[in-house]
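Note sheet for the following structure.
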Amino acid sequence: MRSYNIAAYISGSGSNLKAVIESSRKGEIASKVVLVIADKEADGLKYPSSLGIDTAVIVRRNLPRREFIDVQLRLFEKHGINLIILAGYLKKIPDEIIEKFRGRILNIHPALLPKFGGKGMHGMNVHKAVLEAGEEFSGPTVHFVDEKYDHGDILLQKKLRIEKGETAESLQKRVLKIEHKIYPEAVKLIEDMK
Ligand code: GAR
């Protein structure tokens with residue numbers, strides 16, 4: 001079993017990030033989140049900050065492209081990052097970082113990929129699309145990140161049956177609850193891989 005120094009990327013409330021940090025604090029996973037990067041002053045930065053985890057807001061439009069990448073690489077170097085998790089990060093990770101960390105970047109998505117993924121498919125949009133399509137099942141997916149949105153190999157998926165009278169809100173709630181379980185499980189799978 002390996003232990004990783006994790007960098008997490010967020011844009012919003014960071015509840016998945018919190019679930020991974022809590023799992024690590026309980027000793028369920030050996031890896032630790034040591035760096036959190038956001039594309040704006042996201043609410044989800046508060047929890048890691050309160051624990052003394054290094055956080056950074058890195059805004060693409062404020063920096064030339066090369067510097068935008070180098071700032072992140074310098075932070076990775078400083079913290080010995082060897083695993084990256086995207087936890088509700090709505091921007092694309094630069095190709096240079098994907099290339100450097102291939103097979104070591106995970107994303108969580110609130111639907112059963114390869115269906116209902118791609119650009120614009122995040123948050124409530126996903127759950128609305130699932131219901132509009134009349135699907136029988138939904139559920140979260142953890143996958144490896146490649147150069148396309150929501151596209152790389154699938155690591156873990158959990159199915160739940162769509163209930164009668166289900167709304168996008170109720171589905172989001174039920175799927176998110178499972179996300180909080182399977183993201184730490186996915187990290188554990190990576191730890192146990194050769
Ligand atoms: C989660 O439901 C995650 O699956 C989704 O954003 C939410 C973030 O919630 N990600 C995507 O839709 C990616 N395409 P959180 O900030 O509370 O973890």
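All values reported here derive from a predicted model rather than from experimental measurement. Order of listing sets the numbers, starting from 1, for every ligand and every atom in it.
Annotation: side chain to side chain donor-acceptor pair (under 3.5 Å) contacts involving residues 85-94, sequence neighbours excluded, comprise Asp39-Lys91. Here side chain to side chain donor-acceptor pair (under 3.5 Å) pairs that include residues 124-135, with residues two or more places apart or in two chains, are Lys115-Glu135. Residue pairs meeting the ring-ring contact (aromatic ring centres under 6.0 Å, His included) criterion with at least one partner in residues 130-177, sequence neighbours excluded, are absent.
Around ligand 1, the residues contributing at least one heavy atom under 4.0 Å from the ligand are Ser13, Gly14, Ser15, Asn16, Gly88, Ile108, His109, Pro110, Met121, His122, Gly123, Asp150, Leu176, Glu179.
Salt-bridge check for Asp146 with Arg102: failed, with every basic side-chain N at 4.0 Å or more from each acidic carboxylate O. Ion pairing between a basic and an acidic side chain is recognised when a charged N comes within 4.0 Å of a carboxylate O; Glu96 and Arg65 show such pairing.
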(message) Apply side-chain contact (heavy atoms from CB on, under 4.5 Å) to residues Leu113 and Ile154 and explain how you reach the verdict.
(response) CA-CA 8 Å; Leu113 292 175; Ile154 290 169; 4.3 Å; yes
